[in-house]
Amino acid sequence: MATYKKGIETKEKIFQSAKKMFYEYGYKSATIERIADEAKVPIGLVNYYFKKNDILSLVYLQFIENIRKAIDDQVSDTIENPLQRHIIFTRIFYSIMLNNNRNRELYKEIFINQLVQADGSDLIGNDFMDIIRTFDIDITESIFRRLMIAEYGARRELLIDRYDVLDPQKSKDFINFLATISVRLAGVDIKLVMNNIKRAEEILRSVDYSSIKFLI
């Protein structure tokens with residue numbers, strides 16, 4: 001029992017050390033050696049518990065889950081549909097990423113080098129299907145997959161083109177556009193899209209996400 005508990009504690013220490021190294025050095029330069037030194041464990045122990053990319057994927061997943069939880073806990077009763085939820089999620093996501101230079105640089109590494117599979121789209125794929133269904137769009141699974149590929153490609157190219165000049169406040173229209181690419185591609189009426197953006201903006205004002213961190 002004591003050995004199991006120690007293993008859990010060691011794994012968590014490595015995970016937290018990796019987050020700190022990602023924050024301080026970026027993904028590429030946060031070597032296994034640096035992570036091991038920070039955690040004060042042998043390099044072999046880091047490799048035993050994690051692959052480096054697995055740590056980043058877990059960090060990314062936890063970040064997404066923490067944003068979702070904040071939204072669910074604070075404003076779930078006022079959100080009218082999954083599109084509004086996704087717009088709010090996207091605004092919070094990029095606000096946290098863009099307001100901290102080290103978060104900002106690491107996220108740039110993530111989407112340019114595709115360090116997390118499909119930039120995490122697999123983590124929120126079900127949300128997109130719920131959004132499409134909200135607007136009674138009849139869509140096959142194969143067309144939906146193509147739509148998600150197109151959405152990811154468009155979002156990634158737009159980010160690469162604009163990322164270095166993005167501001168979480170001044171660029172909110174651009175970020176809202178990123179959040180609604182899928183429904184635009186699916187043919188949802190633009191007036192309906194804009195009405196949902198307006199409503200999501202109103203709800204977002206009631207969400208306190210100041211305690212949510214991407215890294216540290």
Side-chain angles (χ1 to χ4, degrees), residues 57-58 60-98 107 110-111 114-163 166-209 212 214:
S57 296
L58 183 56
Y60 200 87
L61 176 60
Q62 287 187 353
F63 180 55
I64 288 174
E65 290 178 340
N66 287 339
I67 296 174
R68 284 174 163 176
K69 186 176 187 304
I71 294 170
D72 289 342
D73 289 348
Q74 298 179 47
V75 294
S76 59
D77 292 343
T78 59
I79 293 173
E80 298 165 353
N81 60 56
L83 178 58
Q84 292 175 11
R85 183 184 302 275
H86 183 64
I87 294 167
I88 294 166
F89 168 87
T90 305
R91 288 288 300 282
I92 294 172
F93 180 98
Y94 284 108
S95 177
I96 294 171
M97 288 296 191
L98 298 174
Y107 184 61
I110 289 172
F111 73 75
Q114 301 184 41
L115 298 177
V116 176
Q117 185 179 8
D119 189 22
S121 288
D122 288 347
L123 305 176
I124 56 177
N126 290 336
D127 292 351
F128 282 122
M129 180 58 84
D130 288 342
I131 291 168
I132 297 300
R133 288 172 177 161
T134 295
F135 299 101
D136 297 321
I137 296 173
D138 186 15
I139 188 169
T140 65
E141 184 176 344
S142 62
I143 292 176
F144 176 74
R145 286 199 300 269
R146 292 172 195 166
L147 178 62
M148 290 300 92
I149 292 170
E151 187 278 340
Y152 170 67
R155 179 162 50 87
R156 184 170 180 270
E157 289 304 313
L158 286 166
L159 279 170
I160 289 172
D161 182 59
R162 292 283 303 278
Y163 193 72
L166 284 181
D167 178 275
Q169 293 302 319
K170 295 178 181 178
S171 303
K172 65 179 183 178
D173 289 342
F174 177 79
I175 296 169
N176 286 337
F177 181 83
L178 293 180
T180 56
I181 290 174
S182 60
V183 291
R184 293 170 191 262
L185 290 173
V188 175
D189 183 86
I190 189 62
K191 290 183 179 178
L192 193 55
V193 174
M194 297 309 294
N195 285 339
N196 277 281
I197 289 175
K198 181 179 179 181
R199 177 58 183 152
E201 292 266 9
E202 294 169 353
I203 298 170
L204 178 60
R205 299 189 191 105
S206 301
V207 184
D208 178 7
Y209 53 91
I212 301 175
F214 177 47

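On a predicted model such as this, the values are computed, not experimentally measured, just so you know.
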What is the minimum heavy-atom distance between Gln84 and Ala200, and which atoms define it?
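Heavy atoms of Gln84 and Ala200 come nearest at O-CB, 3.8 Å.
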
Give the minimum heavy-atom separation between Ile132 and Ala186, together with the two atoms involved.
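The pair with the smallest heavy-atom distance is CD1-CB, 3.7 Å.
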
Tell me whether the rings of Phe93 and Phe89 are parallel (<30°), tilted (30 to 60°) or perpendicular (>60°).
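The arrangement is tilted - the two ring planes meet at 30° to 60°.
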
Quick one, Ile79 with Ile71, criterion side chain to side chain contact (heavy atoms under 4.5 Å, CB included). Give me CA distance, side-chain angles, the key distance, then yes/no.
CA-CA 9 Å; Ile79 293 173; Ile71 294 170; 3.6 Å; yes

Side-chain contact test, heavy atoms from C-beta onward, threshold under 4.5 Å: evaluate it for [X] versus [Y] and give yes or no.
X	Y	value
Leu158	Ile181	yes
Thr180	His86	no
Asn66	Tyr209	no
Leu204	Val75	no
Arg184	Phe177	yes

Rounded to the nearest 0.5 Å, what separates atom [atom1] in [X] from atom [atom2] in [Y]?
X	Y	atom1	atom2	value
Arg68	Ile88	CZ	CD1	13.5 Å
Leu58	Glu65	CG	CD	8.5 Å
Ser171	Tyr163	OG	OH	11.5 Å

N-O pairing of Glu141 and Arg145 below 4.0 Å:
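A salt bridge links Glu141 with Arg145.
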
Is there a donor-acceptor contact under 3.5 Å from the side chain of Asn176 to the main chain of Lys172?
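Yes: the side chain of Asn176 pairs with the backbone of Lys172.
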
Heavy-atom neighbours of Asp73 CG exceed 12 at 6.0 Å
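Atom CG in Asp73 is crowded, with more than 12 foreign heavy atoms closer than 6.0 Å.
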
Tell me, with the steps shown, if Ile175 and Leu98 meet side chain to side chain contact (heavy atoms under 4.5 Å, CB included).
CA-CA 11 Å; Ile175 296 169; Leu98 298 174; 4.2 Å; yes

Derivation of the side chain to side chain contact (heavy atoms under 4.5 Å, CB included) call for Val183 and Leu83
CA-CA 9 Å; Val183 291; Leu83 178 58; 4.3 Å; yes

Applying the ring-ring contact (aromatic ring centres under 6.0 Å, His included) test to Phe214, which of Phe63, Tyr107, Tyr94 qualifies?
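Single pass found, and it is Phe63.
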
Mind running side chain to side chain contact (heavy atoms under 4.5 Å, CB included) on Thr78 and Arg199 for me, showing each step along the way?
CA-CA 10 Å; Thr78 59; Arg199 177 58 183 152; 4.0 Å; yes

